[in-house]
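The sequence lines fix the lettering, A, B, ..., with proteins before strands; numbering per chain opens at 1.
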Amino acid sequence: MAEYKHQEVEKKWQQYWEEQQVYKVKNDTSKPKYYVLDMFPYPSGAGLHVGHPLGYIASDIVSRFKRLKGFNVLHPMGFDSFGLPAEQYAIQTGQHPAITTDTNIKRYKEQLTNLGFSYDWSREVRTSDPSYYKWTQWIFKQLFNSWYNKESDKAEHIDTLIAVFAKEGNANVNAVCDEDTPAFSAKDWESWPEESQQKMLLKYRLTFIAETTVNWCPALGTVLSNDEVKDGFSERGGHPVIKKTMPQWSMRITAYADRLAADLDKVDWPEPIKDMQRNWIGKSFGAEVDFKVLSPNPFPKERGLSEDANPSSKESDFIAAWKTGNPKMAKTLVEYARRNRKNPTDQEDALWQRLRNKQIGSKVRRQHPIDDFIVDFIFLKQQLVVEVDGGYHDSAEQQEFDKARMDLLNHLGYEVMVVKNEDVDEHIESVINKIQTKIDEIDKNSPSQQEKGPGDEVKITVFTTRIDTIYGVSFMVLAPEAEIVKALTTPEQKAEVEAYVEVAKNRSERERMSDVKTVSGVFTGSYVINPFSGKKVPVYIADYVLAGYGTGAVMAVPSGDQRDFDFAKHFDLPIIQIIDQQKITDTEADPTKEGKMVNSGMLDGLSPLDAIQKANEYIVEKGIGTPKVNYRMRDAIFGRQRYWGEPIPVYFENGVPYLLEDDQLPLELPEVDKYLPTEDGEPPLGRADDWKTADGAPYELTTMPGWAGSSWYFFRYMDPQNDQEFASKEALEYWQQVDFYIGGSEHATGHLLYSRFWTKFLYDMGFIKVDEYAKKLVNQGMIQGVSAFSIGLGGISEDGLPNLNIPTIFFSKNPWRKSISDGNLNMIIPILKKYNPEVDFTDVKINFTNVLANNGGVLRHVPIEMVSGNDELDIEKFKEWRKSWAGEYEIEFIMEEDGKYICQRETEKMSKSKYNVVNPDNLVEKYGADTLRMYEMFLGPIEQSKPWNTNGIEGVYKFLRKFWGLFHDKQDNFVVSDDPASKDELKVLHGLLKKLEEDVERLSLNTSVSNFMIAVNELQAMKCNKRAILEPMTIALAPFAPHLAEELWHALGNDSTVCDADFPVFDASHLEEDTIEYPVMVNGKMRAKVQLSADLNPKEIEEQALAHPNVQKWTEGKTPKKVIVVPKKIVNVVV
RNA sequence: GCGGAUGUGGCGAAAUUGGUAGACGCACUAGACUUAGGAUCUAGCGCCGCGAGGCAUGGGGGUUCGAGUCCCUCCAUCCGCACCA
């Protein structure tokens, strides 16, 4: 057999490709373009394992195939080189992450090159390269400078918003913005100082900084976005994650929720990915409905000042006007208020001067009566009281009085802030700031824009998707975190509620999740009125209601919702059937939408769907609610308290963020002494000296998350060296978007969603022409590792406990099983005796299960390279390894009957620590890159996950050698004939071409490989060595086995690379058959085969088929009831 | 709980629109050539049965002349989301 020397051949052509720059891509407009993209890897220290190239091989085949078909193919590669592992490594070793990253990239490139990929390395991008992240920062700037206009349904420059504000305030602005955005007029806008204006704009910008509840990972010292948290643990590293409120950079991805969901219809992506994204966005249609709060004032009027004997009407009116004071005490209150105003303390006066006239954007009153009291300052709209603590509140009596007063105020719905005199004297700025923050926070949490005093009705708004079931409401549940809870809680319930809220706050995500089954909650003591039925229903708090979804309040309908049902059962609340077809059991609610409404007042008799419509009309008409679309998706947290990421191009002045100018970009990562947080808990960038502008304004300390750089890299490849734009107009115009994208499905709700978001944004702003970046997406499956285990007992003494005087005994698979099942010691006693000749082991019993449990870790991973395909362990290598690794030198084995040691196997993720990583380098060396490429494709459908198994690789290797053999004689001389090809040979070639085109088109690359094998087997049988057949086949094989094809291509006398050949044209005429073999079925079972001429008509086919002896036999001579003839396919005879 | 995917020989898998189930490869068996074989070639290889033949695509049911493929139902495994009102 001819010999194909893959090592020589592959090196030779890899060198040639590099020298000739065969894979360099021009932005050439004469050819049609085709853009093939792999998800770029994070260059980890472990290098590539055989699972990584699966997708790369597939995309390389597609790229090369398209190139042969005459396309100008862009097939780039780069590195997502910012990320946690390099930083963790840096923390441990002090090694700069850039150095680690660089080393790893070198290794990756080498491995990729060895596999013969056709990447244009001149277009390589690295997200951690300043010339790249300059443009990531630039895009950040664009987002900061934009707002989302719901009217035009796209992002617009912030200047257009400022213009509107200056002209007419925000009354007519329909934008995606913070929930707490207050209404203001043009006059307000103009009167505000710069900082206030900037703060207002932050509520609209697409990237913004705001007080947010975040996923905080203490172990990593950073926040994480929702997609980086899995089951309450960080995706990277698996550390616990808790909820925490802190100011954070965020991206307003929710602005695009609707378009991100809708445009999934435009792309050819796997349905599971689309479903995951839809699910993540979580659009639901429903309604918000207001429930009025019924809350009798439970406080007896016995404290504070005494009631007036005779209030004058003037004073009463004055008090009544504010709706806050007790009218019966009008005279006294007014008197006190006046007196206090005339004689303010220095501190009160100082504060008043800073707060009056809406200086902090909200109106304030001083010395204001509330019930029986006078408070120092009050923001009526926010119901925030500010008390200046004068220092005379020290006596026990006074303290009790203060507490009662605080309770009353709280109960009436006021929040009280106490300010110390010293604070006002010493740092009034920070006091003002605190008040401002509080006001902003309250504004955010109460969407209502009207001024409302406690005299106004207090209401709770709920979100529901089943407003039809509103007559079935028997209680209401609030999230424990809801602001209004404090105000609703009656004194009797106060202790219980506070305890519950406290517990809820401190529970980690993980605890909360693992405890889904337990029903818990507390009654607040308050009631609300069902706006439809007028019924009074109790208000509870419970942690099954999430503060972050909808309004954080739920109208509970136990008959239709299982959680409400469980809650009702637990607290013995009524369960009201509201649909006639509802089947409610002792343990289950029925959420059906089938049937007619019952017990539902005005909705009775309607179907639930009609009832929803009618109820929606009703709430709008009555002004008690509005239909509403809700999304599950939240804005994406964008800052990370880490070092190894893109710096955010922002500096601060007076606490307000400002962007750096374009010519200041890139803002490069500073050097730091350590990659840890500072002593005050600030991010690592806080360690950098001079991390501020030339004017001394401090830069932002957090960096961008991993997904920032990967959200737009596919555009950079189009024009990677451009330092004027992220990519030129021409390049963007020519390459448009990715035609074929391949990568893992694990990025479904991360990278794949964020990229779509940024693409849509760049589209809105006119920078690009497409609003989806990848036309077609394919998910390659994961290749798992198959781990091998040895089972060792680490020295067992006579009582079954570990004894270090005795060597570790390793059990082969079957003896171990047997030992466990019968507790049989026979096998180890000889060994034990060998080391302890004086001990008599006859009566010793060992419970193997106990030994396993007590002597944990006896099941040990064995490096898979020491284990053969039939699970047999190489004892010598193993001993050596154990010795170097564990320092053991006494090892005993208990073997199978045939003297072999057989390992246990298990499929797991490939990882270094499991010793199950299969390195492609070894396989490339042994079999060649072409073999590995084709074998990986041959394993099965590309999108399927499967455990790696090297066993079949010989088959593919054999195939390549057979193909080589067609060109060579026994002495390995190149012998190709120029004789014309025979009909049969042409049939083989064109049969292959046809299948190849179909298979590559639908990415069925495993069957492509099969088809090559079939063709080569047939040609070998024909002893075909004709150029007319072999040359086209060489071209067709080039995408799969580029090295071998290149070698043969040149041997055939061609000078240029096979990559520039034309793909052979398929000619159907070679496949036409004169005769067709018809399978003949009798009653659906195959009974005979008939060779028939291809041009017979159905009638003739039927006659011929029936005449066949086997058919005669099976029909037993009866006349067939029916004969089905499918021309060119099959005949079926029914008897 | 919700959503999705998958289930075919000893193993990886084919069967694109309903038309000969198991292509191709691995492993295995026998043989040939060989000093040798972890090279190469030939033949065999779903299960039961000596055979004729029967049974077989997770289980059960249905539609059809004909079902791995379509419909219903149940089971198992994997993935994603998970108190989303």
Which listed nucleotide (B:A85, B:C41, B:C81) is nearest to the side chain of A:Gln1020? B:C41

A:Phe463, nearest nucleotide to its side chain (from B:A85, B:C41, B:C24): B:A85

If you look only at pairs with a residue in residues 277-290 of chain A, which of them pass as a salt bridge (Lys or Arg N to Asp or Glu O under 4.0 Å), with sequence neighbours excluded? A:Asp258-A:Lys283, A:Asp265-A:Arg278, A:Glu271-A:Arg278, A:Asp275-A:Arg278, A:Glu288-A:Lys628, A:Asp290-A:Lys459

Under 4.0 Å between a side-chain N/O of A:Arg563 and OP1 or OP2 of B:C84, yes or no? yes

For B:U40 and A:Arg961 - does any side-chain N or O of the residue sit under 4.0 Å from the phosphate oxygens OP1/OP2? yes

In residues 469-478 of chain A, which ones come under 4.0 Å of RNA chain B, going by heavy atoms? none

Distances for protein N/O vs nucleotides 27-35 of chain B N/O pairs under 3.5 angstrom?
none

Quick one: label A:Gln944 by what it contacts on the DNA or RNA (base, sugar-phosphate, nothing), any heavy atom closer than 4.0 Å. sugar-phosphate

Could you work out, with salt bridge (Lys or Arg N to Asp or Glu O under 4.0 Å) as the rule, every residue matching A:Lys926, not counting sequence neighbours? none

For RNA chain B, the expected dot-bracket line (Watson-Crick or G-U under 3.5 Å, [ ] crossing, | inter-strand) is (((((((..(((......[....))).(((((.......))))).(((....)))..(((((..]....))))))))))))....

Considering only atom P, compute the distance from B:C74 to B:A67 and round it to an integer number of Å. 24 Å

Scan nucleotides 18-23 of chain B nucleotide by nucleotide, 5' to 3', and note B when protein non-hydrogen atoms come under 4.0 Å of the base, S if they reach only the sugar-phosphate, - if neither. -BB--B

Is A:Glu998 salt-bridged to A:Arg1002, going by a charged N under 4.0 Å from an acidic O? no

Ring-plane angle category for A:His747 and A:His751, please: parallel below 30°, perpendicular beyond 60°, tilted otherwise. perpendicular

